[in-house]
Amino acid sequence: MGVMKRLTGIVQAKANKVLDKAEDPRETLDLSYEKQIEQLQQVKRGLADVATAKKRIELQAQQLQQAAAKLQNQARQALAQNREDLATQALTRRSGIATQLEGLKTQHDQLAQQQERLEATTQQLQARVEAFRTQKETLKASYTAAQAQTRIGEAVSGISESMSDTGMAMQRAQDKIAQMQARAGAVDELLASGTLTDLSGSSDPIQAELDKAAASGDVELQLAQMKAELNPAAAAPSGELGAGNAAGASDEPADGELVHDAGAHTAPADPFTLDDSAGAS
């Protein structure tokens with residue numbers, strides 16, 4: 001029993017939550033107003049039935065009064081003709097009609113009281129329905145305004161369902177763009193370093209060979225320059241070497257003469273330019 005009771009409570013709680021989510025207060029208010037209108041119509045129909053019953057009693061009373069007046073006249077006529085027996089019968093019937101009239105009067109009074117109560121109830125219910133109708137329209141307008149304000153706030157802040165879906169789509173697009181850009185940059189670096197081969201066939205093999213030969217020639221030229229700087233005697237001809245020695249002997253400084261280093265007057269090297277003379281020093 002305890003398990004079934006808990007299960008029933010869980011089902012009711014979930015059902016109430018679903019109903020609360022699906023319920024629209026405006027529709028609930030309209031339904032309550034319709035029910036009150038229906039109750040008011042039922043009260044009015046009851047009032048009409050009571051008034052109809054009272055009217056029928058009044059008509060019956062009028063008919064009985066006419067019959068009583070007719071019997072009264074007949075009794076007089078019978079007495080005028082010395083027919084006392086007929087006059088007695090007429091008066092007896094008239095007495096019965098008087099009893100019926102008293103019963104009808106009692107019913108009429110009861111129906112009149114019931115009609116008064118129903119009329120008061122109808123007026124109260126009518127006023128209550130009108131007040132509820134005004135309150136209903138006010139609450140519906142307030143709910144509609146609050147709902148619109150909430151939707152606008154969600155749209156501005158970007159937390160609504162549609163805006164969230166749009167934001168997620170934009171985020172996915174940005175992620176894909178960043179991924180493709182990173183991949184394109186990596187492929188370009190690998191192609192430039194020669195790790196990957198361009199399979200599209202757009203590269204020129206002859207140009208590649210020319211670039212390779214030019215690079216090899218630059219390396220050989222730099223190597224020859226370094227060798228000449230390291231061993232100038234081996235690189236220069238013999239006639240030029242003698243002339244250079246003679247010139248060098250005549251250019252030797254005398255005793256006490258200060259020798260200046262030509263490299264001390266050179267401008268400082270550019271740190272962003274390769275210095276080919278570093279090996280010669």
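What you see is a predicted model; the values in this text were computed from it and never measured. FYI, side chains are in, hydrogens and waters are out, and symmetry mates aren't considered; it's all heavy atoms of this structure.
Within a 6.0 Å sphere centred on CZ of R83, other residues, nucleotides and ligands contribute 12 heavy atoms or fewer. Counting heavy atoms of neighbouring residues, nucleotides and ligands inside a 6.0 Å radius, atom CD of Q147 exceeds 12 of them.
Taking the side chain as every heavy atom from C-beta outward, Q74 and L86 never approach each other to under 4.5 Å. Two residues are said to be in side-chain contact when any heavy atoms from C-beta on lie closer than 4.5 Å; L29 and F132 meet this criterion.
Applying the side-chain hydrogen bond (donor to acceptor under 3.5 Å, both in side chains) test to every pair with at least one member in residues 30-39, sequence neighbours left out, gives these pairs: D30-K136, D30-K140.
In the model, Q179 has no side-chain atom that pairs as donor or acceptor with a side-chain atom of D175 under 3.5 Å. Side-chain contact of E130 with Q126: a donor-acceptor pair under 3.5 Å is present, judged by distance alone. Side chains of Q115 and E119: a donor-acceptor N/O pair is present below 3.5 angstrom, by distance only.
For T88, there are no side-chain hydrogen bond (donor to acceptor under 3.5 Å, both in side chains) partners at least two apart in sequence or on another chain. Scanning for side-chain hydrogen bond (donor to acceptor under 3.5 Å, both in side chains) contacts around N82 gives an empty result, with sequence neighbours left out.
S95 places no side-chain N or O within donor-acceptor distance of the main-chain N or O of L91, the cut-off being under 3.5 Å.
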Run K44 and L40 through side chain to side chain contact (heavy atoms under 4.5 Å, CB included) and show every step you take. CA-CA 6 Å; K44 287 183 177 180; L40 179 61; 3.9 Å; yes
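Scanning both residues, L64 and L101, for their nearest heavy atoms gives CB-CD2, 3.5 Å.
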